[in-house]
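Below you'll find the structure, written out as structure tokens, and then a few comments.
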Amino acid sequence: MTADADAATPALEIHDLTVSYHRKPVLWGIDVAVAPGQLVGIIGPNGAGKSTLIKSCMGLLPVSGGWVKVFGKSLRDDPRRVGYVPQRESVDWDFPVSVLDVVLMGRYGRLGLGRRPGKADREAARACLDKVQLLPFANRQISNLSGGQQQRVFLARALAQEADLYFMDEPFAGVDAATEAAIIAVLRELRSAGKTILVVHHDLPTARQYFDRLLLLNMNVVAFGPTEEVFTAELLQKTYGGRLTLLSEVAQALGAGANAGGGERA
Amino acid sequence: MITELIQPFDFHQVVVAPWTEHLPLFGWIALMGFFVAAACGLVGNYLILRRMALMGDAVSHSVLPGLVIAFLLSNSRGTLPMFIGALAAGAVTTVLIELIHRNSRVKQDAAIGIAFSALFAVGVLLISLYADQVDLDADCVLYGEIAFVPLEPMVTLGGFTLGPESVVRMGLVLLAVGVGVLVFYKELLVTAFDAGLARTLGVNPTVFHYGLMAMLSVVVVGAFEAVGAILVIAMLILPGATASLLTTRLGVIHLLTLAQALVTAVAGVMIGVWLDCSIAAAMVLAGTGLFVLAWIFSPTQGLIRRWTRRTAA
């Protein structure tokens with residue numbers, strides 16, 4: 001069910017985006033329009049600029065050219081419509097805060113300067129924790145969590161933002177099966193609530209099952225479209241270039257595509 | 001032999017007298033010590049959280065040229081010129097570090113080292129050039145002299161005597177820091193924990209970085225006369241470091257910081273009286289003592305707990 005036809009304004013529109021790092025272009029000429037209600041996987045080899053793409057969409061990195069619009073507006077005009085799940089390694093997990101404190105940060109965008117989160121925010125944060133099965137951990141210090149639990153805390157925080165467009169940076173990286181299942185459940189729930197989600201993903205076999213659409217990225221957009229049309233040997237080869245190990249992984253993924261359960265991961 | 005070097009411990013003179021017959025003298029010193037340690041500690045907690053403890057070192061030194069230039073321009077040691085000089089110096093340091101670090105391969109810690117030592121050198125150079133005009137002596141700059149606090153002119157407000165000038169000033173600085181921490185609690189928290197998220201939430205981390213550096217400059221200049229450029233670093237880092245061994249909640253860390261500041265000031269005065277030594281140094285040592293106690297005996301992460309856990313495992 002693509003909402004392309006009836007969606008007047010795309011949830012995310014990227015036009016001719018170019019990003020450089022130390023004068024070396026990392027992304028160039030990115031043109032993408034994502035309609036509301038889609039679950040999009042961003043895949044590509046290491047160094048393809050996947051994280052750079054979502055960070056520059058959120059204004060976290062300076063762009064050298066082009067523009068990004070969220071629901072037809074610049075992000076600066078309405079930052080609240082966007083939620084963010086950064087890579088787990090991006091923060092210090094020894095920070096002296098509890099699980100609930102971190103989830104409450106998701107509410108900060110809707111509170112004015114100098115206002116503290118109130119009872120309603122606490123309730124909302126607890127509900128989000130419950131969705132990722134972490135409610136019993138609400139008062140724990142965040143360093144006493146497993147990697148998968150930390151990832152779920154970030155997910156709960158993003159849910160607490162109650163945004164319409166979500167960017168997630170490798171949420172599935174190095175997580176346990178319970179967390180993987182929890183993330184997928186949340187992604188599907190968000191999608192059925194009409195939210196738009198872009199997920200940076202590194203694992204090809206699962207990419208095929210998880211996402212409605214795939215954005216194949218390697219410094220520029222190799223392909224963007226419905227998963228069944230884009231997940232082809234030819235396009236993946238084009239995306240991953242001559243990386244043989246990855247290519248065999250691709251072949252495996254394509255072969256395993258027949259059984260819906262997906263291939264085993266190495 | 002040792003007994004000749006260390007003053008005999010006279011219980012009444014060391015423990016009782018400073019808070020009874022000598023209260024008008026040591027009361028102000030202890031209060032100043034508390035204000036300095038508390039204000040520095042609250043700001044320092046955020047430096048520690050941001051892994052920027054070295055910035056405390058940097059700003060405490062680079063404030064010197066700001067003070068000297070403010071003094072030379074205004075020809076006074078009034079509070080306002082001194083604070084303006086310190087704020088300007090703090091801002092210059094912060095910008096300079098960012099400039100070096102952003103526009104070269106030099107990493108941030110090295111950039112901090114370059115910026116603050118260069119600015120401190122400018123301060124030392126100016127003092128030696130205008131020695132006859134600048135009433136700042138090098139020892140006082142480095143170590144401060146908290147014992148002179150009770151000798152300062154008293155500030156009166158509406159016929160009511162508030163206290164010595166620098167104590168009143170430091171009290172106001174502590175008040176400002178306390179209000180700032182309370183009002184901007186969530187902004188300071190989220191910008192320290194996850195600057196990327198903060199930006200997407202519409203909380204600009206750069207604004208809070210500079211705000212914190214401004215607060216640091218104000219705290220440092222307020223504490224300058226009392227504890228000097230070097231000892232102030234201990235005041236910035238010790239309370240937070242001690243508290244973080246005892247708790248994992250930021251709110252509790254702040255409360256423990258205030259408690260540590262109080263114990264540091266009171267114990268510092270008593271050690272100073274006992275050994276007849278620099279009270280500022282004694283306060284820093286008292287704070288260090290608390291840190292060591294927490295390090296050894298902390299119920300969650302103390303050395304003893306670590307050893308017993310290891311043998312149990």
Side-chain angles (χ1 to χ4, degrees), chain A residues 22 51 54-55 57-62 70 75-88 90-102 104-117 121 139-144 153-154 157-158 160-161 163 165-167 169, chain B residues 44-53 101-105 178-208 211 239-257 298-301:
Chain A
H22 285 315
S51 294
I54 62 170
K55 280 185 186 154
C57 283
M58 284 180 298
L60 297 180
L61 292 174
V70 173
L75 193 59
R76 269 176 202 283
D77 298 338
D78 197 1
R80 271 187 237 169
R81 297 198 75 174
V82 174
Y84 177 36
V85 177
Q87 284 187 15
R88 196 154 31 98
S90 66
V91 304
D92 170 15
W93 289 94
D94 283 331
F95 208 85
V97 284
S98 70
V99 167
L100 190 66
D101 290 334
V102 175
L104 275 172
M105 289 179 192
R107 311 292 297 175
Y108 285 5
R110 49 192 64 238
L111 300 170
L113 198 68
R115 273 194 53 212
R116 298 279 198 103
D121 296 305
N139 293 316
R140 265 212 206 177
Q141 208 278 327
I142 54 170
S143 61
N144 299 327
V153 172
F154 268 0
R157 184 179 73 177
Q161 286 185 258
L165 170 66
Y166 283 99
F167 293 101
D169 204 346
Chain B
N45 285 345
Y46 289 98
L47 297 182
I48 295 175
L49 289 179
R50 290 163 172 257
R51 309 202 161 181
M52 290 183 353
H101 158 66
R102 289 251 165 102
N103 298 303
S104 75
R105 276 174 183 276
V179 169
V181 166
L182 279 177
V183 171
F184 298 114
Y185 187 85
K186 74 176 197 299
E187 285 80 9
L188 287 167
L189 181 69
V190 72
T191 50
F193 179 66
D194 190 342
L197 177 85
R199 206 172 274 280
T200 66
L201 291 172
V203 179
N204 190 335
T206 316
V207 169
F208 282 89
T242 310
S244 66
L245 293 175
L246 299 172
T247 176
T248 53
R249 289 301 139 80
L250 183 57
V252 184
I253 287 184
H254 284 328
L255 292 176
L256 285 176
T257 295
S298 161
T300 50
Q301 11 178 350

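Below, read A as the first sequence line, B as the second, and so on, with proteins coming before strands; counting in each chain starts at 1. These numbers come from the heavy atoms of this one structure, side chains and all, not from hydrogens, waters or symmetry mates. Keep in mind it's a predicted model, so treat the numbers as computed, not measured.
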Quick one: are [X] and [Y] in side-chain contact, heavy atoms under 4.5 Å?
| X | Y | result |
| --- | --- | --- |
| Leu197(B) | Ser90(A) | no |
| Phe193(B) | Asp92(A) | no |
| Asp194(B) | Val91(A) | yes |

| task | For the pair Lys186(B) (side chain) and Pro117(A) (backbone), establish whether a donor and an acceptor sit closer than 3.5 Å, ignoring hydrogens and angles. | result | no
Which answer fits [X], side chain, backbone, both or neither, if we ask what part of it has an atom under 4.5 Å from a heavy atom of chain A?
| X | answer |
| --- | --- |
| Val183(B) | both |
| Thr200(B) | both |
| Ala198(B) | neither |
| Ile253(B) | side chain |

Is [X] close to chain B through its backbone or its side chain, or both, or neither, when contacts mean heavy atoms under 4.5 Å?
| X | answer |
| --- | --- |
| Arg107(A) | neither |
| Val102(A) | side chain |
| Arg157(A) | side chain |

| task | Search all heavy atoms of Leu201(B) against all heavy atoms of Gly106(A) and return the closest pair with its distance. | result | CD2-O, 4.1 Å
| Arg140(A) to Arg249(B) - nearest heavy-atom pair and separation | C-NH2, 3.7 Å
| request: Name the member of Pro86(A), Pro96(A), Gly109(A) that forms the most heavy-atom pairs with chain B at distances under 4.5 Å. | output: Pro96(A)
| note | Taken to the nearest 0.5 Å, the spacing of Leu111(A) CG from Glu187(B) CD works out to 8.5 Å
| Going through the distances and angles, do Phe95(A) and Leu189(B) end up as a side chain to side chain contact (heavy atoms under 4.5 Å, CB included)? | CA-CA 10 Å; Phe95(A) 208 85; Leu189(B) 181 69; 3.6 Å; yes
| With respect to chain A, which residue among Gly202(B), Ser244(B), Ala192(B) yields the maximal number of heavy-atom pairs within a distance under 4.5 Å? | Ala192(B)
| Is the number of heavy atoms from other residues, nucleotides or ligands within 6.0 Å of CZ (Arg116(A)) greater than 12? | yes
